[in-house]
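Order of appearance sets the numbers: ligands from 1, and atoms from 1 within every ligand.
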Amino acid sequence: MHKVVENLIKIKEEIKLNFSDLKDFKTPKIIAVSKTFGMNKILPLIEYGHLDFGENKVQEAIEKWSKIKSDNNKIKLHLVGGLQTNKVKLAVKLFDYIHSVDSEKLAKKISDEQQKQNKKVKVFIQVNIGNEEQKFGVDKLSVSDLYSYCKNHDLEVVGLMCIPPLNKSPEIFFKEMSELKKKLNLDELSMGMSSDYLDAVKNSATYVRIGSNIFGQRN
Ligand SMILES: *Cc1c(COP(=O)(O)O)cnc(C)c1O
């Protein structure tokens with residue numbers, strides 16, 4: 001078995017071991033974040049049957065995924081990185097999920113592209129949960145307004161996403177995200193990376209985004 005598949009299985013088993021006894025536990029989906037890695041590492045996962053993959057750059061994703069996605073329409077591709085408005089057209093065309101909606105301007109652009117292309121994507125609202133300067137994500141006090149704006153513009157908002165501050169314990173941020181999500185009555189919560197996914201799952205993440213623990217260190 002290929003190493004990346006072993007790594008994925010290990011993560012799934014670890015989650016099961018830690019949480020499956022909890023009442024109402026829902027197993028989170030794992031997004032294999034394949035940015036910077038080539039198809040030699042991605043194909044074994046697809047052959048194993050894994051379907052959710054994440055990329056953070058639109059151009060890289062187009063080069064890697066256009067063909068394989070048209071050959072396998074069960075694959076779900078998630079844009080987990082920031083999105084500039086001039087890339088929205090290409091992003092809507094390729095991706096199934098966009099995790100980084102954080103402004104009305106971006107939401108409007110996605111909405112316009114959806115109409116033009118007659119295609120819908122699912123979106124997450126990215127929250128700047130640590131209130132950090134120069135970070136993607138909408139202020140937590142503005143999440144509800146942005147959510148309303150998205151709904152009024154025919155965007156299918158499925159949940160909230162965050163990247164907690166580096167070098168701080170992530171748990172309080174995950175907890176706060178979980179409360180925000182409940183308050184807005186949303187289904188999905190995209191949080192948790194290689195270093196903190198167990199904390200995220202403990203706080204009811206429904207999608208974890210894992211790169212290096214599956215594919216190895218990035219250069
Ligand atoms: C790269 C990336 C990940 C995965 O990071 P790892 O630490 O390698 O698991 C998750 N989310 C986002 C937004 C990323 O850019």
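- The side-chain hydrogen bond (donor to acceptor under 3.5 Å, both in side chains) with E55 is formed by just one residue from the set K64, K35, H78; it is K64.
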Stepwise side-chain hydrogen bond (donor to acceptor under 3.5 Å, both in side chains) check, E188 with T206: CA-CA 6 Å; E188 311 293 351; T206 63; 2.6 Å; yes
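- Cation-pi geometry between K151 and Y147 is satisfied (NZ or CZ under 6.0 Å from the ring centre, within 45° of the ring normal).
- Nearest to atom 14 (C) of ligand 1 by heavy-atom distance, out of K35, M193, Q126, E55, is K35.
- Aromatic ring orientation, H99 versus Y207: perpendicular (interplanar angle above 60°, classes split at 30° and 60°).
- Within ligand 1, the atoms closer than 4.0 Å to a non-hydrogen atom of S194 are 6 (P), 7 (O), 8 (O), 9 (O), numbered from 1 in the order shown.
- Annotation: atom 13 (C) of ligand 1 to nearest protein heavy atom, V80 O, 3.3 Å.
- Tested against F53, the residues F95, F37, W65 include a single ring-ring contact (aromatic ring centres under 6.0 Å, His included) partner, W65.
- Contacts of I163 with ligand 1, taken as heavy-atom pairs under 4.0 Å, involve the side chain alone.
- An N or O contact shorter than 3.5 Å is missing between N213 and ligand 1 by distance.
- Atom CE of residue M39 and atom NZ of residue K67 lie 10.5 Å apart, to the nearest 0.5 angstrom.
- Of the protein's heavy atoms, R209 NE, 2.9 Å lies nearest to atom 11 (N) of ligand 1.
- In this structure, D112 does not pair ionically with K116, as no charged nitrogen and carboxylate oxygen lie closer than 4.0 Å.
- Considering backbone and side-chain N/O of S195, none are found under 3.5 Å from N/O of ligand 1.
- Using 4.0 Å as the threshold, R218 has a heavy atom nearer than that to some atom of ligand 1.
- Counting the atoms of ligand 1 from 1 in the order shown, those under 4.0 Å from a heavy atom of I210 are 9 (O).
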